[in-house]
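For reference, the structure is listed below as structure tokens.
Positions are given from 1, in the same order as the sequence printed here.
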Amino acid sequence: ECQNKVIVCPSALKDQWAMEIKKFVVSNVTIVKGSKKQRRVIYRQFALKGGFMVVSYETVRQDIEEFKQMPPPYSMAVDEAHRLKNFRTKLYKAFKEIRASRIIAATATPIQNVPRELFTLIDYISPGWMRWAEFSDKYCIWEERWTGKTLVRIIVGYKNLIELNTKLRPLMVRRTREEVVKDLPPKTFKIEICEMGKEQQRLHDYYKKMVYEGGPGEALVGFTMARMASSSSDLIAMSQADSKIPVNASESGKIEKLLELLDGIEGKVVVFTQWAKMADLIHKSIPSSLLITGQTGDKQSVVNTFNESD
């Protein structure tokens with residue numbers, strides 16, 4: 001086994017990865033952060049002491065020369081590996097220069113758009129596995145089409161997928177939904193109708209009229225504002241996007257319904273909302289609640305508090 005192990009993940013997941021490693025493995029865990037000089041010290045210490053090092057994609061690209069010089073052996077696990085799906089990006093080219101002794105790529109979406117993304121990921125973890133010309137000829141259906149005055153070849157489908165699956169089997173460990181769902185509690189979907197208050201309805205009708213009677217720019221603004229009004233009249237007051245219509249009362253049928261539902265629930269609850277300002281309003285309505293938005297600094301400490309609370 002390699003003494004040194006590098007975990008590459010999105011910046012938002014670094015603390016979570018470090019916490020999970022400490023939970024299951026007795027080993028040194030270092031999170032790469034700080035200035036370039038501070039990061040250089042971290043790399044030197046990691047090379048000497050070993051253990052786990054958690055680093056973001058962006059930092060790897062910025063410090064690629066440090067990783068190219070990192071002495072082997074060390075293994076690298078890449079979380080959310082679909083970030084490397086495009087072989088033309090600087091990020092992918094940087095990762096191809098790293099010579100880890102072992103590479104593991106984890107992703108729930110190995111193919112998001114075109115089969116070349118799957119080929120790119122496999123070529124990253126196992127260079128020379130297959131040439132693109134061979135892959136595209138065996139497994140892709142091509143068609144020639146005119147784009148203006150240029151004749152181009154595009155992928156219109158796939159073929160020989162059973163053969164491809166067999167060839168990929170030694171390189172992939174795949175968990176299907178059928179395998180995972182057995183470890184998860186059953187889902188219950190329930191739609192609750194939330195009635196708007198009179199002030200909400202007035203604001204909603206105003207912006208709805210803008211959608212149908214305004215120009216293209218006004219229609220988009222009206223659509224967004226109507227959605228906000230349906231959530232809470234306070235969102236309109238907080239946005240200050242339109243001074244032509246005053247907000248006369250604070251109303252939110254959604255928050256009222258949420259508080260009603262929470263009153264009958266024991267245990268922890270996670271509430272999602274599209275609007276950060278709506279999250280603030282919900283947070284203020286529930287004194288014992290915790291809040292995470294894009295503006296939250298130390299998100300991991302909030303998550304830890306939630307997990308450790310009764």
**Report entry** E143/R145 ion pair, N-O < 4.0 Å
**Finding:** yes
Query raised in the report: What about the rings of F95 and Y57, do their centers lie closer together than 6.0 Å?
Result: yes
Report task. With rounding to the nearest 0.5 Å, note down the distance linking CE in M278 to CG in L235. Result -> 6.0 Å
Query raised in the report: How about F87 and Y92: are their ring centres within less than 6.0 Å of each other?
Result: no
Query raised in the report: Hey, is the main chain of N160 close enough, under 3.5 Å, to the side chain of K138 for a donor-acceptor pair?
Result: no
Query raised in the report: Is M196 reachable from I282 through a run of I, L, V, M, F, W or Y residues, each pair having side-chain heavy atoms under 4.5 Å apart?
Result: no
**Report entry** Lys/Arg N to Asp/Glu carboxylate O, R131 vs E134, below 4.0 Å
**Finding:** no
Query - T107 and E80, any side-chain heavy atoms less than 4.5 Å apart - result: no
Query - Pairwise side-chain contact, L168 with N165, heavy-atom cut-off 4.5 Å (strictly under) - result: no
Query raised in the report: Are any non-hydrogen side-chain atoms of K299 and V302 less than 4.5 angstrom apart?
Result: no
Query - Worked check of side chain to side chain contact (heavy atoms under 4.5 Å, CB included) between V211 and V221 - result: CA-CA 8 Å; V211 172; V221 172; over 6 Å; no
Requested in this report: Drop me the distance from D298's CG to I292's CD1, to the nearest 0.5 angstrom.
Outcome: 9.5 Å
Report summary line: Closest non-hydrogen atoms of G34 and R39, given as atom of the first, atom of the second and distance, are O-NH1, 2.9 Å
Requested in this report: Check the hydrophobic clustering (I, L, V, M, F, W, Y; side-chain heavy atoms under 4.5 Å; chains of links allowed) and say if W17 and I104 are grouped together.
Outcome: no
Requested in this report: Using the rule that two of Ile, Leu, Val, Met, Phe, Trp, Tyr join whenever any of their side-chain heavy atoms come within less than 4.5 Å, decide whether I236 and L281 are in one cluster.
Outcome: yes
Report task. Kindly determine whether E58 and R61 satisfy salt bridge (charged side-chain N to carboxylate O under 4.0 Å, His left out), including the steps that lead there. Result -> CA-CA 5 Å; E58 292 73 19; R61 185 172 65 82; over 6 Å; no
Query raised in the report: Using a distance-only test with no angle check, is there a side-chain donor-acceptor pair under 3.5 angstrom linking W129 and D123?
Result: no
Requested in this report: In sequence, state the C-alpha distance, the side-chain angles, and the governing distance for R202 and I245, and then conclude on side chain to side chain contact (heavy atoms under 4.5 Å, CB included).
Outcome: CA-CA 10 Å; R202 184 180 72 87; I245 180 168; 3.6 Å; yes
Requested in this report: Look at atom NZ of K268 and say whether more than 12 heavy atoms of other residues, nucleotides or ligands are closer to it than 6.0 Å.
Outcome: yes
Report task. For residues L164 and F135, determine if any side-chain heavy atom of one lies less than 4.5 Å from a side-chain heavy atom of the other. Result -> yes
Report task. Go through the steps for T150 and T147 under the test side-chain hydrogen bond (donor to acceptor under 3.5 Å, both in side chains), then give the verdict. Result -> CA-CA 5 Å; T150 305; T147 302; over 6 Å; no
Query raised in the report: Within the side chain of Q38, is there an N or O that forms a donor-acceptor pair under 3.5 Å with the backbone of S35?
Result: yes
Query raised in the report: Above 12 or not: heavy atoms from other molecules or residues under 6.0 Å from NZ of K96?
Result: yes
Requested in this report: Kindly compute the distance separating OG1 (T89) from NZ (K93), expressed to the nearest 0.5 Å.
Outcome: 8.0 Å
Requested in this report: Taking atom NZ of K198 as the centre, report whether more than 12 heavy atoms of other residues, nucleotides or ligands fall under 6.0 Å from it.
Outcome: no
**Report entry** Minimal non-hydrogen separation, D79 against C9, with atom names
**Finding:** CB-CB, 3.9 Å
Query - Within 6.0 Å of CG in L161, more than 12 heavy atoms from elsewhere - result: yes
Query raised in the report: Just wondering, more than 12 heavy atoms not from Y43 lying within 6.0 Å of its OH?
Result: yes
Query raised in the report: How far apart are the closest heavy atoms of Y74 and F67, and which atoms are they?
Result: OH-O, 3.6 Å
Query - Non-hydrogen atoms of S230 and R227 that approach each other most closely - result: OG-O, 2.6 Å
Query raised in the report: side-chain hydrogen bond (donor to acceptor under 3.5 Å, both in side chains) with S231: which of K254, K277, H204, Q200?
Result: K254
Query raised in the report: Is there side-chain contact between L258 and E256, with heavy atoms separated by less than 4.5 Å?
Result: no
Report task. Flag the pair V78 / M76 as yes when at least one side-chain heavy-atom distance between them is below 4.5 Å, and no otherwise. Result -> yes
Query raised in the report: Between E65 and K68, is there a side-chain N and carboxylate O pair less than 4.0 Å apart?
Result: yes
Query raised in the report: Once you round to the nearest 0.5 Å, how far does NZ of K257 lie from CD of E192?
Result: 5.0 Å
Query raised in the report: Considering residues, nucleotides and ligands other than K209, do more than 12 of their heavy atoms fall under 6.0 Å from its NZ?
Result: no
Query raised in the report: Would a distance-only check, ignoring hydrogens and angles, find a side-chain to backbone donor-acceptor pair under 3.5 Å from S289 to H283?
Result: yes
Report task. Following the transitive rule for hydrophobic clusters with a side-chain heavy-atom cut-off under 4.5 Å over Ile, Leu, Val, Met, Phe, Trp and Tyr, establish whether M228 and Y207 coincide in one cluster. Result -> yes
Query raised in the report: Counting only N and O atoms by type, is there a donor-acceptor contact under 3.5 Å from the side chain of S233 to the main-chain atoms of E199?
Result: no
Report task. Using the rule that two of Ile, Leu, Val, Met, Phe, Trp, Tyr join whenever any of their side-chain heavy atoms come within less than 4.5 Å, decide whether I265 and I286 are in one cluster. Result -> yes
**Report entry** Which atom of C140 lies closest to which atom of I155, heavy atoms considered
**Finding:** SG-CD1, 4.1 Å
Query raised in the report: Within a reach of under 6.0 Å around NZ of K36, are more than 12 heavy atoms found that belong to other residues, nucleotides or ligands?
Result: yes
Query - Presence of salt bridge, K23 and E20, under 4.0 angstrom - result: yes
Query raised in the report: Hey, is the main chain of S75 close enough, under 3.5 Å, to the side chain of R102 for a donor-acceptor pair?
Result: no
Query raised in the report: Got S11 and L13 here, is their nearest side-chain heavy-atom distance under 4.5 Å?
Result: no
Report task. Please work out which of the three classes, parallel, tilted or perpendicular, describes the rings of W142 and W132, given edges at 30° and 60°. Result -> perpendicular
Query - Set of salt bridge (Lys or Arg N to Asp or Glu O under 4.0 Å) partners for R44, sequence neighbours left out - result: E66
Query raised in the report: Looking at side-chain heavy atoms only, is the closest gap between F52 and I7 below 4.5 Å?
Result: yes
Report task. Please assess V29 against V54 for the test side chain to side chain contact (heavy atoms under 4.5 Å, CB included), listing each intermediate value before the final yes or no. Result -> CA-CA 7 Å; V29 182; V54 184; 4.2 Å; yes
Query raised in the report: Which atom pair, heavy atoms only, marks the closest approach of V8 to S56?
Result: CG1-C, 4.2 Å
Query - Intermediate values then yes/no, side chain to side chain contact (heavy atoms under 4.5 Å, CB included), I64 and I98 - result: CA-CA 8 Å; I64 185 59; I98 299 173; 3.6 Å; yes
Query raised in the report: Does the salt bridge (charged side-chain N to carboxylate O under 4.0 Å, His left out) test come out yes or no for E179 and R177, once each step is laid out?
Result: CA-CA 5 Å; E179 294 172 323; R177 182 183 181 279; over 6 Å; no
Query raised in the report: When you look at NZ of K49, are more than 12 heavy atoms from neighbouring residues, nucleotides or ligands closer to it than 6.0 Å?
Result: no
Query raised in the report: Just how far is it from atom CG of N307 to atom CE of M19, taken to the nearest 0.5 Å?
Result: 6.0 Å
Query raised in the report: Just how far is it from atom CE of M225 to atom CG of L220, taken to the nearest 0.5 Å?
Result: 11.5 Å
Query - Presence of salt bridge, R175 and D183, under 4.0 angstrom - result: yes
